[in-house]
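The figures here come from the full heavy-atom set of this structure, side chains too, leaving out hydrogens, waters and symmetry mates. Just so you know, these numbers come straight off a predicted model, no measurement behind them.
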Protein chains: 2
Amino acid sequence: MKENTGKSKYVVLGMLARMPQTGYTIKKWIENEYSHFWQESFGQIYPTLKKLVAEGLAVSFEDSETGKGRGRIVYSITDAGRKVLLDWLCKEPEIEKLRYEILLKVSFGENTEPEVLLGHLDDFIKRNENLIKDMNGYIEHFDLLKAQGTDCTYSQLTALSGVYMYSAMRDWAVKAKNVISGKEDDL
Amino acid sequence: MKENTGKSKYVVLGMLARMPQTGYTIKKWIENEYSHFWQESFGQIYPTLKKLVAEGLAVSFEDSETGKGRGRIVYSITDAGRKVLLDWLCKEPEIEKLRYEILLKVSFGENTEPEVLLGHLDDFIKRNENLIKDMNGYIEHFDLLKAQGTDCTYSQLTALSGVYMYSAMRDWAVKAKNVISGKEDDL
DNA sequence: TGACTAATATATCTTTGTGATATATTGTTA
DNA sequence: TAACAATATATCACAAAGATATATTAGTCA
């Protein structure tokens with residue numbers, strides 16, 4: 001009974017554990033700071049929030065004081081929700097799941113000209129360089145927050161994982177280019 | 001109109017481009033050599049094979065000569081199938097998608113004791129060490145095949161990506177452990 | 001001031017993908 | 001020869017992604 005799905009619930013709980021917020025801000029937060037290792041769609045987030053309320057793990061209230069938006073719904077985690085989150089945190093994390101289309105194309109490389117792959121690898125290298133810069137920007141930003149007394153070690157560590165991961169893939173792509181173009185023989 | 005789904009078709013075509021085979025062997029091949037960057041389930045593979053035949057991109061025939069299994073169905077790629085595969089290979093690969101549950105748990109780390117995360121990171125480091133060994137095993141295996149005259153550069157390169165990726169994540173986890181346990185301050 | 005545009009916000013639908021399970025045969029081995 | 005593992009196909013329920021519809025608010029700029 002290996003279950004590697006149904007994590008949205010815990011992601012949303014984890015986000016609510018930081019601060020009460022709306023489905024929209026949860027989505028934006030994941031998009032901005034989690035995109036290198038996780039993603040959630042609105043189609044998952046909104047139904048999940050409703051389920052959490054139904055299960056007593058979160059409570060919702062309409063933010064009518066400011067009158068902002070079309071029925072802006074703010075969600076807060078409950079004590080029961082924190083317990084569920086904690087239980088999940090203690091369980092051994094399931095094995096990660098990756099989908100790298102570029103590796104698929106390299107793997108099927110014999111069906112095309114080397115130039116096609118070299119082009120893809122060039123784009124890939126550039127994109128990874130940019131992502132490394134972005135991640136380092138986050139890390140510096142967290143350093144500033146730290147200097148102001150806010151503890152964000154864990155967020156900083158996840159950003160650091162991005163630097164490691166993107167750097168590794170950039171290095172691999174450079175190596176792959178050299179091998180494919182015949183500049184290097186050995187792996 | 002960004003479409004980052006519906007790749008199963010091309011994965012299956014790419015597998016059939018290597019050699020005619022059954023849905024089962026496609027699944028096993030992906031499980032064994034692609035698992036670090038791609039995964040497909042039976043629930044995708046069998047319907048995809050039927051669609052490919054319906055679209056004329058593959059042909060099927062029952063392997064009755066050996067009489068093995070319950071209606072063993074072998075699929076072959078057609079010229080039309082090779083053309084579709086080639087067109088896809090030339091298109092820029094879509095951005096990769098990762099789901100690392102351990103990073104989710106680190107990110108929500110303030111909700112639990114550091115010891116919980118340190119334990120997860122230990123398991124993670126061990127698992128990555130083993131995966132690096134496995135990947136290096138594949139690379140050596142491909143070296144042997146190369147020595148026998150079989151060109152498997154592209155397969156070897158995808159295996160190499162696994163070494164780079166798993167090494168990066170192991171290194172990150174070691175660093176994260178040091179930071180969380182207070183042995184290291186700087187990132 | 002009004003007109004446009006971008007950002008905020010919720011909701012839902014279809015397609016795609018996962019994991020589990022059912023079923024049956026063949027090969028191995030104790 | 002009984003038990004078990006591996007091979008093989010098929011399908012279901014549920015999870016997840018991506019697209020789209022809708023509406024409000026905030027900013028900007030002519």
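- In this model, the phosphate group of dA17(D) is not approached by any side-chain N or O of R99(A) to a distance below 4.0 Å at OP1 or OP2.
- In this structure, CZ of R72(A) is placed 13 Å from P of dA11(C), rounded to the nearest angstrom.
- If you take CD of E101(A) and P of dG17(C), they are 11 Å apart, rounded to a whole angstrom.
- I125(B) belongs to a hydrophobic cluster whose remaining members, ordered by chain and number, are V174(B); membership requires side-chain heavy atoms of ILVMFWY residues under 4.5 Å apart, directly or through intermediates.
- Rounded to an integer number of Å, the gap from CD1 of I30(B) to P of dG17(C) is 12 Å.
- Separating the CE atom in M169(A) from the OH atom in Y100(A) is a distance of 4.5 Å, to the nearest 0.5 Å.
- H36(B) places no side-chain N or O within 3.5 Å of a backbone atom of V163(B) that could act as its donor or acceptor partner.
- Less than 4.0 Å separates DNA chain D from at least one heavy atom of each of the following residues of residues 33-48 of chain B: F42(B), G43(B), Y46(B).
- Counting to the nearest Å, the P atom of dA8(D) and the OH atom of Y75(B) are 13 Å from each other.
- Once rounded to the nearest 0.5 Å, the distance linking CG of L103(B) with CG of L98(B) reads 9.0 Å.
- Distance E31(A) CD to dA9(C) P: 13 Å, rounded to the nearest Å.
- Remark: T22(A), G23(A), Y24(A), T25(A) in residues 12-27 of chain A come within less than 4.0 Å of DNA chain C through at least one heavy atom.
- Between K50(B) and K7(A), the one whose closest nucleotide on DNA chain D sits nearer the 5' end is K50(B).
- Between the Q21(A) side chain and the M15(A) main chain, a donor and an acceptor come within less than 3.5 Å of each other.
- When each of E92(B), E94(B), E96(B) is checked for a salt bridge (Lys or Arg N to Asp or Glu O under 4.0 Å) with R127(A), only E96(B) meets the rule.
- We find that E101(B) and K105(B) are joined by a salt bridge, their nearest charged nitrogen and carboxylate oxygen being less than 4.0 Å apart.
- Here dG17(C) presents its P atom at 12 Å from CD of E94(B), a figure rounded to the nearest Å.
- Atom-to-atom, CD1 of I73(B) to C1' of dT25(C) comes out at 14 Å; the value is rounded to the nearest Å.
- In this structure, T5(B) does not reach the dG17(C) phosphate: none of its side-chain N or O atoms is under 4.0 Å from OP1 or OP2.
- For K27(A) and E31(A), the salt-bridge test passes: some basic side-chain N is under 4.0 Å from an acidic carboxylate O.
- For the pair K97(A) NZ and dA15(D) P, the computed distance is 12 Å after rounding to whole Å.
- Using modelled atom types and a 3.5 Å distance limit, the side chains of T5(B) and R99(A) yield no donor-acceptor pair.
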